[in-house]
Amino acid sequence: MYSDNSASMAPNSSQSEEPAPSEGEAVLEPCEGMEFDSEDAAKIFYDEYARRVGFVMRVMSCRRSERDGKIIARRLGCNKEGYRVNKRDQEGALRKPKPITREGCKAMIYLKYNKSGKWVVAKFEKEHNHPLVVSPRQVRHTTDEKDRKIQELTLELRNKRRICAAYKEQLTAFLKIIEEHSEQITMKVQNVMNNLKEYEHVQQEHQRAGNLRIQG
């Protein structure tokens, strides 16, 4: 099982370059059933795996819950996944082709969020259809950038959650105060109505007694 502590595997730009894994050095691979405590932990693990094997990770499609819109599945793959579509300029002519960067690679992992709150590897495609090149300097730069972005977004999300929780607490307290005041106002209005009815009854009695005296 892998927890958020697996972020320690992510490279740090302030540290010296790690040597590429030697031919006999084992690289921990993803496997079906592997669990992570969060989507970010899974991304960091696969990004580190990609760097050691010799490709660049791409964050691909996701699936969201129809109930609340939360991400419940995520696909991570190789940056050479798919094929580039040739684009035309405003006059309809094909633009000058750029170097080929996508080769239809199908290597990927498919992650699912389960009921226990874990992210589980549901599918792992290991094989690439292109040469793998371990270049720590080149891949590390991409990894560092992604790690920083993930950390920034995670921190921002946590801050927003704390702010939302504080707003929710304040709103709940405010609604409780309104409810208490509403109950007090309702009781006061009811007392006023009862007093008015009692006053009207007394007035009617006095009027009736006066009429009887006049008739006598």
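Here the straight-line distance linking atom SG of Cys62 with atom CG of Leu111 works out to 11.5 Å at 0.5 Å rounding. To the nearest 0.5 angstrom, Tyr113 atom OH is 12.0 Å from Ile71 atom CD1. Atom CG of Asp40 sits about 9.5 Å away from atom CZ of Arg74, to the nearest 0.5 Å. Taken to the nearest 0.5 Å, the OG1 atom of Thr186 stands 10.5 Å off from the CD atom of Glu179. In this structure, His130 NE2 and Asn79 CG are separated by 7.0 Å, a value rounded to the nearest 0.5 Å. To the nearest 0.5 Å, the span separating CD on Glu125 from CZ on Arg75 amounts to 10.5 Å.
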Show the numbers, then the answer: is there a side-chain contact (heavy atoms from CB on, under 4.5 Å) between Lys43 and Leu76?
-> CA-CA 8 Å; Lys43 287 178 180 177; Leu76 307 174; 4.0 Å; yes
Full working for side-chain contact (heavy atoms from CB on, under 4.5 Å) between Met108 and Lys123 | CA-CA 8 Å; Met108 64 91 183; Lys123 187 176 181 181; 3.6 Å; yes
Go through the steps to decide whether Phe124 and Glu29 satisfy the test side-chain contact (heavy atoms from CB on, under 4.5 Å), and finish with yes or no.
-> CA-CA 9 Å; Phe124 172 47; Glu29 291 184 347; 4.3 Å; yes
Taking it one step at a time, do Cys78 and Arg58 satisfy side-chain contact (heavy atoms from CB on, under 4.5 Å)?
-> CA-CA 5 Å; Cys78 175; Arg58 181 188 296 276; over 6 Å; no
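Taking both residues in full, the closest heavy atoms of Arg64 and Gly69 are given as NH1-O, 2.9 Å, listed atom of the first, atom of the second, then distance. Nearest heavy-atom pair, Tyr46 versus Pro30, reported as atom, atom and distance to 0.1 Å: CD1-CG, 3.9 Å. The shortest heavy-atom contact between Tyr110 and Ala73 is OH-CB, 3.3 Å.
Looking at heavy atoms from C-beta onward, Phe36 lies in side-chain contact with Val121 at the 4.5 angstrom threshold. The shortest distance between side-chain heavy atoms of Trp119 and Asp37 does not fall below 4.5 Å.
Atom CD of Glu198 is surrounded by 12 or fewer heavy atoms from other residues, nucleotides or ligands within 6.0 Å. Within 6.0 Å of atom CD in Gln203, more than 12 heavy atoms from other residues, nucleotides or ligands are found, so the atom counts as buried in its surroundings.
A salt bridge does not link Glu81 to Lys106: none of the charged nitrogens lies less than 4.0 Å from a carboxylate oxygen. Under the 4.0 Å criterion applied to side-chain N and carboxylate O atoms, Glu48 and Arg51 are assigned as salt-bridge partners.
Linking ILVMFWY side-chain heavy atoms closer than 4.5 Å, directly or via other members, places Phe55 and Met60 in two distinct hydrophobic clusters. In the hydrophobic clustering of this structure, Val53 groups with Met34; members are Ile, Leu, Val, Met, Phe, Trp, Tyr whose side-chain heavy atoms approach within less than 4.5 Å, directly or through other members. Two different hydrophobic clusters hold Met187 and Ile178 under the rule that ILVMFWY side chains link at heavy-atom gaps under 4.5 Å. Transitive grouping of hydrophobic side chains (ILVMFWY, heavy atoms separated by less than 4.5 Å) brings Phe45 and Leu132 into a common cluster.
In this model, a donor atom of one side chain and an acceptor atom of the other lie less than 3.5 Å apart for Asn114 and Ser116.
Residues satisfying the salt bridge (charged side-chain N to carboxylate O under 4.0 Å, His left out) criterion with Glu156, sequence neighbours excluded, are Lys160.
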